[in-house]
Each structure stands twice: as structure tokens, then as C-alpha cells.
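Residues take their numbers from the sequence shown, with the count starting at 1. Both ligands and their constituent atoms are indexed starting at 1 by order of listing. Small disclaimer: the values here were computed from a predicted structure and weren't measured.
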Amino acid sequence: MRRDRALRVLLVLAVALAIVLYLRGTSTTDELGIDASTEYDATFDAPKPWNRPEHAFLPNGLVQTNPDAPHPIYELIANAEGAWRDKLARASTTFTQAVTEYRRRYKRSPPKGFDLWWDYVREHAVQLPDEYDQLHDDLEPFWGIEPKDLLATRSELEGKADSYTIGKTATTPVAVVNTSFAPGKYDQLIHNSKGILDLLRDIEDDLPPFRAVFSPHDGPNRMSDYFLEQAARQAAAEKRYLRWSDLPKIDPAGWKSACPPGSPSHNLSVGEGFEPPPPTTEKTFIFDHNLAMNPCLHPRHFWYNSLLLNHNRGPTPQHQLLPEFAQCSTHMHHNIRIPTPYGWIDDIPRNDDPPWDEKPDERVLWRGSNTGTHHTAKSRWRTAQRPHLMQLTNDIRGMQTILSPNKGRAEPVGQPITVRKARLNPGIFDVAFAGDPMMCDPETCTLLQKIFPWRKRQSVKEAGEYRYVIDVDGNGWSGRFKRLITSNSLVFKATIFPEWWLDRVQPWVHYVPVQLDLSDLHDVVVFFRGDASGLGAHEDLARRIAEAGRTWSKRFWRREDLIAYFYRLILEYARLMSEDRDAMTYKHFS
Ligand SMILES: *[C@@H]1O[C@H](CO)[C@@H](O)[C@H](O)[C@H]1NC(C)=O
Ligand SMILES: *[C@@H]1O[C@H](CO)[C@@H](O)[C@H](O)[C@H]1NC(C)=O
């Protein structure tokens with residue numbers, strides 16, 4: 001009898017196991033847009049024996065390669081896929097869950113109107129409704145400021161050039177309600193407000209009255225003083241309000257003022273001279289893209305981005321926190337990020353964008369103008385992101401060190417190998433400026449013509465022929481990323497701007513993050529597409545990321561996703577700018 005029971009239990013277990021295996025084997029395309037049957041080897045999720053060589057994951061968002069461990073990109077991809085699955089799996093599915101999760105994260109209740117926002121999210125299938133940490137972080141310091149003072153500051157800001165103000169009242173619809181532009185600039189600077197109004201039009205009946213000042217420019221303009229912002233954050237955490245007069249005096253030391261004491265950039269003479277501090281000799285890759293964008297943690301950023309280069313040692317920080325919306329921001333600014341409609345496209349005509357396997361060109365593409373910085377004999381343009389990209393990818397003199405892409409996922413990657421740039425670069429990159437030099441004095445224009453390749457502009461169809469593209473910043477953030485990630489090509493992305501979608505994307509699943517100085521560019525390119533003759537390629541992984549990127553773009557960066565972000569942002573902002581914040585708070589179960 002007892003044996004019978006044991007057999008029965010075993011049988012039940014075997015059937016259950018078979019069902020589980022069957023379900024796993026038959027699930028076709030999951031949320032990653034990835035075929036589960038090609039699922040990645042989970043070796044790296046397994047507990048590690050104590051003596052297994054490991055890479056060093058550093059607090060600055062970079063992983064430092066240990067030559068005795070396998071190529072770090074295997075682990076980076078496996079970790080990212082796991083993190084993305086976890087994020088999708090824990091998303092709230094009911095309003096009550098969403099409110100509970102909101103309170104857990106932000107230690108307060110959601111704003112009034114959160115229930116209507118939730119309805120919008122459900123109705124339009126907006127994904128990952130809990131993942132708005134960056135939006136909250138943008139607003140958090142303002143929670144520590146007396147609303148009366150914020151209102152007075154906003155009113156002053158309306159009169160400061162350049163800006164436009166968008167708002168609605170209890171009786172009038174969303175509109176541009178004030179502008180302040182340098183003379184003759186109206187038509188140019190009002191332009192982007194049209195796309196914003198167009199987004200807000202869809203939800204205006206459900207928005208509370210508000211009045212918000214926007215910067216019309218490409219970059220952020222409100223630099224923070226670290227101690228001043230910390231004082232406001234501290235007050236916010238303690239649920240106190242500070243008056244402007246309570247804030248500490250700023251330290252007018254340029255960029256350094258925005259960085260915490262003890263951070264690498266606080267200690268260095270950042271933004272001076274033509275030569276950046278030397279890079280590390282070890283091979284490093286990005287594992288946390290947001291941390292890797294932070295200039296306070298990465299002193300070399302001050303040489304490799306034009307926004308930072310142009311200001312040399314940096315501007316004087318603001319004496320207050322100015323609640324000004326902008327199309328992008330950095331870790332050193334307190335502009336409030338918006339989901340910018342600039343550059344948004346629904347899709348690329350399918351005729352112009354063949355599937356991955358039908359794209360004939362296996363080089364990495366970049367075309368664009370030399371925007372970002374003014375080019376003169378005296379200005380520091382040589383290391384700016386676009387000239388630097390030209391130089392690095394077209395150089396045929398000297399040697400390049402790379403990690404061998406030939407090593408399998410269970411063998412040591414070994415010490416970097418050295419290859420001639422002349423054999424590598426022309427075979428793997430198609431990177432050139434398009435059109436003619438701009439933003440340069442006549443002599444420097446001639447120099448730029450001479451030292452860099454210039455080709456004709458490409459059509460979207462021509463760009464569609466390439467399997468790999470690189471994306472770098474322009475004057476501000478990169479407005480072309482939406483097109484690139486929709487294009488069935490694998491995108492390598494280098495930037496200092498954490499954009500509005502960053503909480504709801506997964507680097508190494510949807511695109512490949514690259515360091516601002518491009519010190520890892522050759523390694524990531526060679527890992528995916530192989531060396532100049534294609535040896536060591538991991539095309540299956542490349543195709544997978546390219547396709548997952550496109551799937552993500554079509555599901556997480558729709559017009560409705562921009563609207564959902566803006567909707568939530570305006571609800572939060574309206575509460576923040578209210579003299580009675582409690583009255584603007586959602587009262588759950590009341
Ligand atoms: C625009 O803002 C300025 C500065 O606060 C203010 O003086 C002016 O009255 C505002 N104009 C409108 C139309 O609200
Ligand atoms: C900052 O500089 C001081 C003196 O130059 C040095 O003692 C200290 O270790 C540095 N701190 C960091 C975080 O680099």
C-alpha cells in the first residue's frame with residue numbers, strides 16, 4: 001500500500017514536471033520579443049563556486065574585466081535579460097497594487113487624479129506602470145521647498161529669456177500662455193511647443209489647472225549646487241518645507257559644484273585644458289547605463305561631450321532650484337525632463353527597413369553634421385563626441401587592443417590582443433560627416449574638411465541597409481535614437497542624458513550601451529560582428545538585441561507612452577505647485 005502511494009506521488013510529480021517543461025518549451029515569443037526556444041544559457045545565473053574568477057562590478061556603473069573570467073558581455077546580457085524579466089513580472093496589474101507600490105517607493109500617496117491616470121494606462125496598454133523613479137527623482141528636491149516660494153519663482157521664470165509657458169485654467173484649455181524669447185527668435189523657439197500641446201490635447205480634460213515654464217533649447221540650462229540640492233532633498237525626506245532664504249549659499253566652482261565631495265570629479269580640475277585624464281588600462285564595459293552617464297563619477301566625460309566642453313570649468317550653479325521643464329537633463333542639472341515629442345516616429349516605412357538578415361552592410365553606420373560645439377583654433381572641439389567618433393573609427397595608424405571575441409562563454413577571455421587599426425577600422429566602420437562643415441571659422445572649416453571624411457547625406461532607405469548603427473549626442477540629447485531603435489538594426493548608444501524612457505528599457509536587451517569616451521566601442525562591435533573578416537562574431541545575439549529593440553520601440557515608446565508620462569508628470573507637478581499639497585493628493589478608499 002505504502003509503495004503504491006509513493007508511486008502515485010511520483011507519478012503526479014512527473015506529470016507536473018512534464019507540464020512545466022512542456023509550457024516552457026512551447027512558449028514562443030515572450031515580452032522581450034525573444035523566442036524562448038533560443039533562450040540564453042543560464043550558466044551565469046547559477047550559484048558561483050567560491051573560486052570562480054569574477055569581473056569587478058564598480059560603483060560607477062562599469063564592470064572591470066578579469067582576464068580569467070569569460071568575456072564580460074556574456075554575463076552582461078544574461079544579467080540584463082534576467083533583470084528585464086523580473087521587472088516585467090513584478091509590474092502592478094491592479095489599481096490597489098499600483099497605489100501600494102507607489103507608497104512603498106515614494107513614502108507618500110499618489111497625486112489626485114491618479115485613478116484616472118491608471119484608467120488611461122489600462123485602456124492604452126501602457127507597460128510597466130510602476131517604473132517612473134526618474135520622474136519622481138526630478139521632482140523630489142522641490143518637495144522640500146515652500147510652495148509659495150516655488151510659485152513666485154515660477155512666475156519670475158516666465159519672464160526669463162528664453163522660455164515659453166504652457167498651462168490651463170479651470171475654464172480654458174491647454175495652451176501656450178506666456179513666451180519670453182530673444183528678439184527675432186519667436187518662430188524658431190516656439191516650434192517644439194506644438195508637439196507638446198498636441199500630446200496634452202488628448203488628456204486635457206482630466207488635467208488639473210497648471211502653469212509650467214519650458215526651455216525651448218536642446219540642452220538643460222539649470223545647473224545644481226550639490227549642497228543646495230541636498231538640503232532641499234533632506235527637507236523633502238523629513239517632510240519639511242524650506243524657504244529660499246533657508247538654503248545654503250552656492251559654491252561658484254563651476255561643474256564641480258554639482259558633484260558630491262569625494263566623488264572623482266569633485267577632486268579634479270575638470271573642464272580645463274585639452275587633454276583629458278588618462279583612461280584606465282583595464283577593459284571596462286557599462287553594466288548600469290544611468291550611473292555610467294554621471295559626469296561626477298566619470299571625470300573624462302568633461303572632455304567627451306560638447307555641452308560640458310563648451311562651458312569649460314562650468315557655469316555658476318543656480319542660487320535656487322528653478323522648476324523649469326526641458327527636453328533633456330543630466331545628473332548635474334535640475335531641469336524637469338519631459339517626454340519630448342521631437343524626433344518621434346510611429347514607424348519606418350517597411351520598404352526602407354529590411355529585416356536584420358536582409359541588411360547587406362555589416363559595418364557600423366554613422367552620418368550626421370558636426371553639431372555640438374563651435375570649431376576654432378582655440379576651442380576644445382577635438383574630443384567633442386562627434387569629432388572624437390570620426391577620429392577613433394577612421395584612424396588607420398597604430399594599434400588597437402581588443403578582447404578576443406573568439407572565446408566561448410565558459411573559457412577565460414584572456415589578456416587583450418593587439419590588432420592594426422589599418423586592418424580593423426576600415427572593415428568594421430562606415431562613419432563620416434554628412435554635408436559640409438558648420439559652426440567653424442574659415443580656417444578650421446578647411447581643417448575639418450581635410451582631416452575627416454565627408455560624404456553626401458543618406459536617405460532612410462540607405463541607412464536601412466546597415467545591421468549596426470552608433471548613436472552619439474548632438475547639441476543636446478540624440479533626437480534620432482527613436483528612429484534607430486525602430487530600425488531592425490543593433491544600436492550602440494553613448495550619451496550623458498538619461499532620457500524619460502530610461503526606467504522602462506533594458507540596456508543589453510534592447511540596445512548596447514557604450515561609454516562616452518568610446519573606449520569600449522571596438523570591443524562591443526567586434527564581439528557582435530566579429531573582426532574585420534567576421535571572425536568571432538555573435539550574430540545570433542546581435543540579431544536578438546536588434547529585434548528586441550524594435551519590439552520595445554513599438555510597445556514602450558508609442559504616442560500613448562509619451563502621453564502617459566506627461567499625464568503623470570503634470571499631476572505630480574500640479575500638486576507640487578499647490579499651496580495645499582494635501583488637497584491635491586489622492587485619497588484612497590475614502
Ligand atoms: C508673462 O510673465 C511675465 C513675468 O512673470 C509677466 O510679467 C507677464 O504678465 C506674463 N504674461 C502673461 C500673458 O501672463
Ligand atoms: C582628493 O584629493 C585629495 C588631495 O589631493 C586626496 O588626498 C584624496 O584622496 C582625493 N579623493 C578622491 C576621492 O580622489
Side-chain angles (χ1 to χ4, degrees), residues 113 138-139 141-201 203-225 228-229 232 241-247 250 315-329 333-338 340-342 476 566-567 569-581 583-584:
D138 282 354
L139 299 180
F142 298 103
W143 273 92
I145 307 295
E146 165 67 43
K148 267 198 193 65
D149 286 10
L150 275 182
L151 285 166
T153 297
R154 198 231 48 232
S155 177
E156 260 173 60
L157 209 48
E158 285 190 22
K160 293 223 167 99
D162 294 318
S163 74
Y164 56 83
T165 302
I166 289 179
K168 83 166 247 188
T169 68
T171 52
T172 56
V174 171
V176 172
V177 293
N178 207 346
T179 58
S180 176
F181 296 138
K185 292 275 188 163
Y186 187 90
D187 290 340
Q188 183 198 336
L189 295 181
I190 199 67
H191 184 76
N192 283 341
S193 70
K194 298 189 172 83
I196 294 170
L197 290 181
D198 187 54
L199 291 178
L200 295 177
R201 195 67 69 213
I203 45 167
E204 66 181 341
D205 292 344
D206 294 329
L207 294 179
F210 72 96
R211 212 170 161 100
V213 180
F214 289 71
S215 163
H217 294 297
D218 291 342
N221 57 352
R222 301 300 172 193
M223 195 183 91
S224 308
D225 176 272
L228 188 148
E229 188 177 317
Y241 291 163
L242 297 177
R243 307 298 309 252
W244 289 135
S245 52
D246 299 331
L247 288 173
I250 59 148
T316 302
Q318 304 292 325
H319 295 263
Q320 297 176 346
L321 294 167
L322 305 188
E324 182 164 359
F325 291 65
Q327 303 189 81
C328 64
S329 193
H333 293 85
H334 59 266
N335 286 97
I336 302 167
R337 260 164 279 240
I338 61 161
T340 177
Y342 178 94
F566 234 136
Y567 193 163
L569 179 58
I570 298 289
L571 294 182
E572 293 286 357
Y573 174 75
R575 168 164 65 169
L576 202 56
M577 301 302 282
S578 163
E579 287 192 46
D580 188 352
R581 288 177 180 167
M584 292 293 285

Salt bridge (charged side-chain N to carboxylate O under 4.0 Å, His left out) evaluation trace for Arg222 with Glu324: CA-CA 8 Å; Arg222 301 300 172 193; Glu324 182 164 359; 2.7 Å; yes
Show the atom names and distances, to 0.1 Å, of all donor-acceptor pairs under 3.5 Å that link a side chain in residues 163-171 to residues at least two apart or in another chain.
from   : atom 1 : to     : atom 2 : distance (Å)
Ser163 : OG     : Lys160 : O      : 3.0
Lys168 : NZ     : Glu204 : O      : 2.7
Lys168 : NZ     : Leu207 : O      : 2.7
Thr169 : OG1    : Thr171 : N      : 3.2
Thr169 : OG1    : Thr172 : N      : 2.9
Thr169 : OG1    : Thr172 : OG1    : 2.6

Qualifying residues under ring-ring contact (aromatic ring centres under 6.0 Å, His included), relative to Tyr573, sequence neighbours excluded: Phe325
Run the side-chain donor-acceptor check on residues 175-187: report pairs under 3.5 Å with partners two or more places apart or on a different chain.
from   : atom 1 : to     : atom 2 : distance (Å)
Asn178 : ND2    : Glu158 : OE1    : 2.7
Ser180 : OG     : Gly159 : O      : 3.0
Ser180 : OG     : Ala161 : N      : 3.4

Intermediate values then yes/no, side-chain contact (heavy atoms from CB on, under 4.5 Å), Tyr567 and Leu200: CA-CA 8 Å; Tyr567 193 163; Leu200 295 177; over 6 Å; no
Any side-chain donor near an acceptor of the partner, His333 and Asn221, under 3.5 Å: no
Under 4.0 Å from ligand 1, counting heavy atoms only: the protein residues, by chain and number: Ser155, Glu158, Gly159, Val177, Asn178, Arg211
